[in-house]
Structure formats: C-alpha cells, structure tokens
Amino acid sequence: MALSLFECESIVGELDRALVGGFIQKIHQPRLFTLTLDVRAPGQTSTLLVCVEPRFARLHLISQKLENPPTPPPFCTFLRSHVEGGRIVEISQEPEDRIVFITIVKAEQVCVLVIALTGNQANVHILNQRKLVLRSLRDSRVRVGDRYTPPTLKPVKPPETLPPPTIDVPQDEIVIHQEGNMSEPLSEAATQGKDTFGEMFPVSAELEGRYRQQEREKDQDANLEQQLVQTRKALKHGRRKIQALQEDFKKTERFREYARYGELLKSHLHEIKKGQESIAIVDYYDPALPTLTLPLDPTKDAVWNMEDYFRKYHKFSGAQEHLQPRVDEAHKEVARLEGKLSQLEQGIVDPEDLPRTKKKPDSSISQRTRTSKGRPAPAQGYRTYTSADGLPILVGKTAKDNDHLTLKIANPDDLWLHARGTPGSHVVVRLEKGAMIPPETLKDAATLTLWFSDMRKSGKGEVIYTLRKFVRKGKGFKPGSVTVEREKSLWIELKEDRLKRLKGETSPG
C-alpha cells in the first residue's frame, strides 16, 4: 500500500536532513512509474527513489541500485535537461497531505518537483518558477501549462484516539543523525560500517525492506498466475492431442484385416475386371470358410486394388508402431500437468519454474524508447565487405542466416550470388534501382562467393548471379535452399591479391 501521512512526514524529515544542499548527479527511470535521483551531498552520495505506482507509491532513499533501460524514456530525458546538475535547496510537504515538493536551482533557474503519493492519483509533476506545469510522469487532470494547485482536502473528523504510527523512529536516533549530518560531513570510513544505511537512514531502510518484500510477493503472485494460465493451456492442448490421436487410431483400426484381404485378392486377380465394384471371395483363413464381399475401385485395375488393401494395412501397422506410443506419452504428460495444476491451485510453485534470468526493464518503457533514427546496425548473421568500387558486399554465415540475408535484408534490385551446385553462403551486393554491376565489383563478389563455399579448396569454380527479386523460397524448403530464375554465370579463380584486399577492408560486422 502507499505511504501513510505519518510515514510521509517521517521520510520528508529524513530527506530534508540528508539531501538539502546536495547536487543531482544522475536521473534514471528504471520502470514505467519509478524514478531514481543520485544526489551528492557533502561526504556521501545517496539515491532517492520516487515511485508513483498506485499500489506502491512511496518516496525514500535506497541502498541498492536498480537496473535501468538502455535508453532513457521521454520523461526521464526531459527531467535530466531541467534538473540534472541542479542543487536541492528545499524539501517540504503539503500540510496534512501526502504531497512533497523538492525545490531545485540550476543555472539560476528554479524548478519544483511535485511528488504526489495519493494512491490512484499518484504522479510526478515538474513545475517552473511560476508554478506552471512543464510535464507530468503520468496522464492526469493536471495539464501542461496550467498553474499547479494542490487538491483541496475534504474535512475529516479526527478520531478520538490516534492509531500508533507505522514506523517507530527513536527520537534519540534522529537527534544523533541530525547532529552528525549538520555539524560535519561523514568520513568515508563511517559509510563503510556494518548496517550503515539502516543507522543513517532508519525510515528509508524500513520502507525499502517493506516494499521490497511487497514487490517480491507481487512478482510471486504474478508468476503463479502466469504458471496457472500456461499450465491450463498446456493441459487443454494435451487433452485435445490425445483425442485427436485416438481418433486417428480409430480410423486405422478398421484396416486391421486388410493384409488378409490383400492376400485373398492376390489369388483372384485374374477374376477382377476393370470397372468391377466388388468381388465375392471365400475366406480360406477362416475355418468356417465364409464368403467375403470386398469393395473395389472400379476406375483402377486388379493389381492397384490389391496393393491398396496392403497400403491401408500398412497404415494400421504404422499406427500400432508409432501412434500408440504417442498416445501413451500424451497420457503421461496430461497426468503430469494435472498434478502440477493441482499444486499451483494450492499456491505451490515448483522452483524449477521460477524465472532464472534477471528481470528485464518494464516492457512498456522499452516500447516507448524505441527510435527509428538512422539505419539499424548490421545483423551478426552476415559479414560485410567493400568492393573495389566502394559497394557493400554482404555474405551470409549459416543456412538460416542465408535465408535472413536474402529474404529480409536484401532489396529486390540488389545482386544475388551463389556457387553453382555446391553448398555455400548467399552473397548480396547492394545496388541502386536500375544500376549496373561494375565488372570489378562482380569479380569481388564472385570471389567471396567461391571463398565461402565448398569449392574453396579447388580454388576455382562457377558462380551464378541474378537480381534478388528473382530468388524465391519454396514452401517446405530447407534453410538456405531457394529457387533462382534468370540467372547468369561467371567462371572465377581465387586470386590472392584480391582476397587480401577484400579481407583488409572487412568491417566489424
């Protein structure tokens, strides 16, 4: 839950003693609604955490750094430009409300950071000297350009007896800390002692521990819910798989006796005429010698009909050999998932299912921070060379990289090359639309094509080339396999001087 009014008053007093007079060195936004400010005060650097997520809205110092996204979100960038490097001159609180004001002076310009820790309406606003809103972290009723005024509180009848405060900070500890901070800066040795953070900032230490536990519980609840959804989905899929396999098995079950029918037809092939729809045969494999009527395909001859019976029997025998083990395995998997679901519904999560990697920055931040400035860096799936005419030559590394290079990276009017009749890399020469390939560039590209193929040892071979738009990927083709149209060919021999020149101009990609 968000900070109470008493907790807010306690933390403001602690921050006032610790941060006023300090300079803001760095600002980060590790999560969507969370900011951190590194403040350098005499003798120490502290990190202030500001969180306006409704459930965890709070303000306090932290002892551990948070993981930050690679690119700062827009609000973080805006905040850096206005207050980073500024000096904190005052930290105050709106009377009887959970709204904190941090006044910052930078280059004789005054900005006020308004931190409203008011539940669902929690927010961070940055104001100019005239108290006009420059920007807000969250969307709210407060618009940019409006003059900020704290919300009007409804009068509340005070209770007869006040509840005990949530955080009990000994008064003697506050006095000692105040004297230590105000009289002289802390030495480096003093900041290295055991539990120094908790001794220096007791309110922040208590809040950090409490909210860390709450966020851990939230993550556990989220992981449990995710596991429940995934397990129910997998269980549903497993049951459908069993049903489908059993239906397939039933379809082949009727072919159980078809090997016997094929053998019976084999001895009566001379009696079957084309256009005949059935034939009556005595079943010599049955002691009762019954007469069987076997259906035939009238459009096929006798041999085809006989072989068709054997083919259908092979479906049955194949199902017995391959389908039944799959059914048994699916039953085992469903039983395992049912046991797992039962545990999850009781709140028990298998440690093996817990995430092992570091938690990534908030996805909503990463989505917002994506930019399209400039061309993306070359993928690691291909090498880049430069021809004698200064044109880029791209060479795929693996079969999958070849597909990506040809189908995703290359433009329709780029030149595409490959060694004829042997495995090797796809090679692409960047060309402008309608441009002709220079002869030296073609030789350079063909040399690299031969070098990155199985014909490297022979030192010579044939290379085909065409425009990328005439290269297609057929359905069901293996990685790296394509169809080529309108290709031309070039016989090339590997020249040491040409190879040295090309390798000497290899880019870091």
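In this chain, numbering begins with 1 at the start of the sequence shown.
- Between the side chain of S342 and the backbone N or O of E338 there is no donor-acceptor pair closer than 3.5 Å.
- With hydrogens and angles ignored, the 3.5 Å screen pairs a side-chain donor or acceptor of D444 with a backbone N or O of A388.
- Taking the six-membered ring for Trp and thresholds of 30 and 60 degrees, Y211 and H60 have nearly parallel ring planes, at less than 30 degrees apart.
- From E485, atom CD reaches atom OG1 of T466 across 8.5 Å, with rounding to the nearest 0.5 Å.
- Note that the CG atom of L49 and the CD1 atom of I62 stand 5.0 Å from one another [nearest 0.5 Å].
- Side chains of F101 and E90 form no contact here, defined as non-hydrogen atoms less than 4.5 Å apart.
- Under a cut-off of 6.0 angstrom, the local environment of NZ in K241 is sparse, with at most 12 non-hydrogen atoms contributed by other residues, nucleotides or ligands.
- Inspection of the E14 and S204 side chains reveals an N or O donor paired with an N or O acceptor under 3.5 Å.
- Judged by distance alone, the side chain of K443 and the main-chain N or O of P438 form no donor-acceptor pair under 3.5 Å.
- Applying salt bridge (Lys or Arg N to Asp or Glu O under 4.0 Å) to D413 and the options R468, K433, R430, K469 leaves one that passes, K469.
- The closest side-chain heavy-atom distance from Y465 to E487 is not below 4.5 Å.
- Scanning both residues, V83 and C111, for their nearest heavy atoms gives CG1-CB, 4.0 Å.
- Rounding to the nearest 0.5 Å places CG of L337 at 9.0 Å from CZ of R239.
- In the displayed structure, E496 atom CD is contacted under 6.0 Å by at most 12 heavy atoms of other residues, nucleotides or ligands.
- A distance-only check finds no donor-acceptor pair linking the side chain of N68 to the backbone of H28 [under 3.5 Å].
- Between the side chain of K473 and the backbone N or O of S481 there is at least one donor-acceptor pair closer than 3.5 Å.
- With contacts defined as side-chain heavy-atom distances shorter than 4.5 Å, the pair T36/L48 does not qualify.
- Here the side chain of S453 pairs a donor or acceptor atom with the backbone of M455 at under 3.5 angstrom.
- Summarising the local packing, CG of N120 is surrounded by 12 or fewer heavy atoms from other residues, nucleotides or ligands at distances under 6.0 Å.
- Side chains of S136 and N123: a donor-acceptor N/O pair is absent below 3.5 angstrom, by distance only.
- How far CG of L207 is from CG of L61: 10.0 Å, rounded to the nearest 0.5 Å.
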Inset, instruction - Walk me through it: do D308 and K312 pass the test salt bridge (charged side-chain N to carboxylate O under 4.0 Å, His left out)? - result: CA-CA 6 Å; D308 189 50; K312 290 176 179 177; 3.3 Å; yes
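- Note on ring orientation: taking the six-membered ring where Trp is involved, the planes of H426 and W416 are perpendicular (angle over 60°, cut-offs 30° and 60°).
- In this structure, CZ on R31 lies 10.0 Å from CD on E67, to the nearest 0.5 angstrom.
- Side-chain contact between H82 and I126 is present, with at least one heavy-atom pair separated by less than 4.5 Å.
- Two residues are said to be in side-chain contact when any heavy atoms from C-beta on lie closer than 4.5 Å; V144 and L134 fail this criterion.
- With a 6.0 Å cutoff to the six-membered ring centre and a 45° limit on the axis angle, R498 does not count as a cation-pi contact of W451.
- In this structure, T441 contributes its side chain and S387 its backbone to no donor-acceptor pair below 3.5 Å.
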Inset, instruction - Evaluate the side chain to side chain contact (heavy atoms under 4.5 Å, CB included) criterion for residues K460 and L494: first the C-alpha distance (whole Å), next the side-chain angles of each, then the deciding distance (0.1 Å), finally the verdict. - result: CA-CA 6 Å; K460 55 187 176 180; L494 295 178; over 6 Å; no
Legend entry - Verdict with reasoning, D146 to R141, per salt bridge (charged side-chain N to carboxylate O under 4.0 Å, His left out): CA-CA 10 Å; D146 290 351; R141 299 174 183 175; over 6 Å; no
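- The side-chain tip of R135 points at the ring of F78 from less than 6.0 angstrom away and within 45° of straight on.
- Looking at T483 and R472, their side chains never bring a donor and an acceptor atom within 3.5 Å of each other.
- For Q346, the CD atom counts as densely surrounded, since its 6.0 Å shell holds more than 12 non-hydrogen atoms of other residues, nucleotides or ligands.
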Legend entry - salt bridge (charged side-chain N to carboxylate O under 4.0 Å, His left out) between D403 and K408, intermediate numbers included: CA-CA 8 Å; D403 281 348; K408 303 294 184 182; over 6 Å; no
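- Counting heavy atoms from C-beta on, the side chains of V112 and V114 come closer than 4.5 Å.
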Inset, instruction - May I have the step-by-step check of side chain to side chain contact (heavy atoms under 4.5 Å, CB included) for H418 and V463, ending in yes or no? - result: CA-CA 6 Å; H418 194 277; V463 173; over 6 Å; no
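- Checking Q29 against T34 by side-chain atom types alone, no donor-acceptor pair falls below 3.5 Å.
- E333 places no side-chain N or O within donor-acceptor distance of the main-chain N or O of G238, the cut-off being under 3.5 Å.
- Enclosure of atom CZ in R420 by more than 12 non-hydrogen atoms of other residues, nucleotides or ligands within 6.0 angstrom is indicated.
- Two residues are said to be in side-chain contact when any heavy atoms from C-beta on lie closer than 4.5 Å; L19 and I91 meet this criterion.
- Between the side chains of K495 and T447, no donor N or O sits under 3.5 Å from an acceptor N or O.
- Annotation: R456, atom CZ; neighbour count of heavy atoms from other residues, nucleotides and ligands within 6.0 Å is above 12.
- A donor-acceptor pair under 3.5 Å links the side-chain atoms of S425 to the main chain of G396, judged by distance alone.
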Legend entry - Evaluation steps, side chain to side chain donor-acceptor pair (under 3.5 Å), between T45 and R40: CA-CA 4 Å; T45 299; R40 178 66 182 177; 2.9 Å; yes
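- The shortest distance between side-chain heavy atoms of V334 and L235 falls below 4.5 Å.
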Legend entry - Chi angles and distances behind the side chain to side chain contact (heavy atoms under 4.5 Å, CB included) call for V484, F470: CA-CA 6 Å; V484 184; F470 301 127; 5.8 Å; no
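- Around atom NE2 of H237, no more than 12 heavy atoms belonging to other residues, nucleotides or ligands sit under 6.0 Å away.
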Inset, instruction - Test side chain to side chain contact (heavy atoms under 4.5 Å, CB included) on L394 and R383 and set out the steps. - result: CA-CA 6 Å; L394 314 181; R383 307 171 181 87; over 6 Å; no
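- The distance from atom CG of L79 to atom CG of L37, rounded to the nearest 0.5 Å, is 6.5 Å.
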